[in-house]
Amino acid sequence: MYLYSTDARLPIDNYKLYGVYELATDFSPQNESSESVEPANTAYDDHKLLYVCIALGLQHYLIAVGSIVGLPLLLATNLCIANDDQGDVARVLLISSLFFASGICTILQTTFGVRLPIMQGGTFDYSPPTLAILSFPHNQCPSPLPPMFMNSTETLYSDTDGSILDGNEVWMRRMREIQGAIIVSSLFQVILGLTGAVGFLVRFMGPLTVAPTVALIGLNLFSIAYTDASKHWGIALFTSFVLILCSQYLHQVKIPFPMYSKSKKCHFKRSPIFKTFPAVFAIGAAWILCLIFTETNAFTSDPNNPNYLARTDIRSDVISNAPWFYFPYPGQWGFPRVTLAGVMGMLAGVITGILGSVGDYYACARISGAPNPPGHAINRGILLEGVGCIISDVIGTGTATTSFSENIGAIGITRVGSRRVLQIAGLVCVVLGMFSKFGSIFVAIPTPVIGGLFCVVFGLITSTGLSNLQFVDLNSPRNLFIMGFSFFMGLTVSQWIKANPGVIQTGVVEIDQIITVLLQTAMLVGAVLAFIFDNTIPGTDTERGIVSWRNQKKTNKQEEKENLKNKIAECYNLPFSTSCCRFSRYLPILPEYGQKSASKDNKLSVGIGYVTQM
């Protein structure tokens with residue numbers, strides 16, 4: 001690893017830690033094997049980095065499009081949004097609102113939260129309780145009344161409470177109930193982060209707990225990748241092929257580009273664009289191929305045929321009906337409505353989201369070459385995610401926000417994990433969320449293209465989780481039992497619950513919903529089993545991998561080892577000094593928490609990120 005600062009570059013292992021200015025050095029013909037280099041020219045490299053970061057941020061935006069767009073489309077039918085022009089506009093507004101909220105939450109998380117290069121966006125963890133709430137009798141979709149009822153030119157509905165509503169008010173009433181449930185339940189997440197409860201539990205987590213937690217994130221997402229890719233396996237495999245070609249076979253190829261500077265005038269500089277932008281090449285090439293096949297009618301025009309979703313013109317109505325500009329604002333659908341059943345059901349989504357986020361933090365740190373996140377960073381990350389969920393549903397997205405696993409996988413593929421890149425990706429989401437006409441264009445990305453992308457990205461997340469086993473004694477029967485049983489039961493129990501809906505019958509609907517959501521989350525089941533067994537079955541710290549796992553960043557020289565470890569750990573500190581606060585060592589979200597005396601030097605250069613060299 002190379003630790004970049006404004007003063008020098010220190011050799012560590014086989015990774016690179018890039019600062020806000022030093023990211024540009026990867027795009028120069030510099031010999032990376034050298035042990036020391038001159039500090040970068042701040043003004044010049046910062047200007048050059050802006051263009052690189054914008055392109056990389058747009059790439060993360062494209063990767064997140066599938067999930068962000070998919071959630072509103074998934075909920076639209078259950079929210080009783082009609083399949084007409086008015087309904088199309090409603091879908092676009094929901095998508096714009098979710099992009100807007102996801103961008104805000106990403107900026108907050110990367111700047112003040114866990115501070116890893118991690119994307120925030122709508123999560124499927126809250127979908128089961130959301131669909132359960134929408135399945136209640138009072139939320140059943142009403143049938144439209146006859147045309148010109150009450151001399152109205154709009155389609156009217158007789159809702160379940162007997163009131164006469166127009167199409168917008170029908171779905172907005174249901175949306176307000178979802179908003180209230182997520183806002184109140186997210187306060188529980190805020191409290192857990194603020195009190196340090198999550199960071200306390202992380203102290204007992206070793207590689208035997210993290211490995212199944214992270215690996216099952218990718219394995220549990222296979223159904224999403226399979227569903228999207230199966231719409232047209234040819235297009236999906238072509239997307240995966242281009243992505244693999246660029247990221248694995250052409251990653252060392254540097255293409256000359258014309259450049260201009262005051263010192264060198266017009267000149268050429270080589271850049272490894274295939275390594276840096278593989279997702280852009282993959283999506284662009286597959287999208288163009290789908291466009292050609294659509295225009296030549298090579299794809300079926302039968303909506304009942306799964307291959308129909310490979311066409312590029314099936315969502316043209318969404319683009320034409322979208323407004324050019326829309327500013328999502330708090331309470332745009334009305335004042336949220338809180339129900340006890342809704343809040344209790346959403347708590348299951350909160351618990352699942354917290355555990356998933358902790359796993360994502362470890363995955364992101366591992367795949368980026370960063371040290372394992374300390375307790376204060378995890379507490380702060382969970383706190384900001386809770387705040388993000390509240391912001392998201394005050395605006396009215398119909399879902400909560402959490403860490404995006406697919407974007408973590410993209411870091412390993414592109415080998416670029418700069419925090420500044422993710423902040424720009426968040427800004428892109430905010431801007432395109434307001435320019436809904438432009439943002440709706442990306443809704444037209446064919447489904448199998450997204451599926452082919454996910455096949456590669458989700459697989460990388462799984463292998464990242466398994467990489468934690470390098471610290472464990474795999475000849476130990478104890479460890480083999482914990483790993484095998486945790487993986488197997490995580491997948492088995494979750495599939496059983498999904499295949500047998502309603503099998504949990506305690507007599508209390510809210511408790512049934514909570515237990516069902518928890519058990520159908522493979523990552524949660526596997527993590528809990530691994531956590532319990534690893535902390536109760538006798539075994540030495542060396543056997544469990546605790547010693548090697550905690551010391552993975554150490555060097556041979558003891559003095560250099562400790563100093564370097566402290567330097568790297570600064571990447572989790574806040575962008576401003578917190579040591580001046582008298583009570584900082586009592587706040588679980590600050591770096592000084594638990595110290596006898598607060599450190600006076602915890603300032604961090606803005607924009608530190610990571611690049612893993614494979």
Side-chain angles (χ1 to χ4, degrees), residues 71-84 86-87 89-91 93-94 97-98 122-146 149-150 152 154-188 330-352 389-390 392-400 497 501-518 520:
L71 272 168
L73 297 179
L74 172 68
L75 297 176
T77 301
N78 298 85
L79 283 170
C80 307
I81 297 179
N83 291 315
D84 53 19
Q86 189 180 55
V89 173
R91 288 178 176 84
L93 297 185
L94 284 178
S97 298
L98 185 52
T123 172
F124 288 92
D125 293 336
Y126 288 72
S127 297
T130 299
L131 296 176
I133 293 173
L134 295 176
S135 67
F136 291 161
H138 68 278
N139 284 329
Q140 296 300 308
C141 294
S143 300
L145 295 171
F149 184 82
M150 297 178 61
S152 175
E154 295 184 7
T155 303
L156 299 179
Y157 300 82
S158 178
D159 210 353
T160 53
D161 60 357
S163 58
I164 306 299
L165 306 174
D166 62 16
N168 280 331
E169 184 58 26
V170 166
W171 70 265
M172 287 182 184
R173 181 187 71 77
R174 289 157 176 78
M175 174 63 77
R176 290 194 289 268
E177 185 172 348
I178 300 300
Q179 288 179 256
I182 294 179
I183 290 172
V184 175
S185 61
S186 296
L187 292 174
F188 176 69
Q332 56 183 329
W333 319 129
F335 194 80
R337 177 172 173 262
V338 179
T339 61
L340 179 60
V343 173
M344 294 299 294
M346 284 298 177
L347 282 177
V350 170
I351 296 173
T352 304
C389 292
I390 295 174
S392 177
D393 276 273
V394 166
I395 292 175
T397 63
T399 185
I497 292 293
V503 70
I504 304 298
Q505 297 289 339
T506 64
V508 181
V509 176
E510 290 80 7
I511 296 179
D512 293 344
Q513 294 172 359
I514 294 175
I515 296 177
T516 299
V517 172
L518 294 178
Q520 74 178 8

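In what follows, residues are counted from 1 in the order of the sequence shown. Remember, predicted model here, so these are calculated numbers, not experimental data.
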Report task. Indicate yes or no: at least one non-hydrogen side-chain atom of T130 is less than 4.5 angstrom from one of T399. Result ->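 No, too far: nothing below the 4.5 Å cut-off.
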Requested in this report: Check whether any side-chain heavy atom of I81 sits under 4.5 Å from a side-chain heavy atom of L94, and report yes or no.
Outcome: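 Counting from C-beta outward, I81 and L94 do come under 4.5 Å.
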Roughly how far apart are [X] [atom1] and [Y] [atom2], rounded to 0.5 Å?
| X | Y | atom1 | atom2 | answer |
| --- | --- | --- | --- | --- |
| D512 | T506 | CG | OG1 | 3.5 Å |
| M175 | R337 | CE | CZ | 14.5 Å |
| I515 | I497 | CD1 | CD1 | 9.0 Å |
| R174 | L79 | CZ | CG | 8.5 Å |
| M172 | Q179 | CE | CD | 10.0 Å |

Report task. Apply side-chain contact (heavy atoms from CB on, under 4.5 Å) to R173 and N139, showing your working. Result -> CA-CA 9 Å; R173 181 187 71 77; N139 284 329; 3.5 Å; yes
Nearest heavy-atom neighbours spanning [X] and [Y]:
| X | Y | value |
| --- | --- | --- |
| W333 | G396 | NE1-O, 2.7 Å |
| I183 | P336 | CD1-CG, 4.0 Å |
| S97 | T397 | O-CG2, 3.7 Å |
| G398 | D393 | N-OD1, 3.5 Å |

**Report entry** Single hit among L93, I395, V394 for side-chain contact (heavy atoms from CB on, under 4.5 Å) with Q332
**Finding:**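 In the set L93, I395, V394, the residue that makes a side-chain contact (heavy atoms from CB on, under 4.5 Å) with Q332 is I395.
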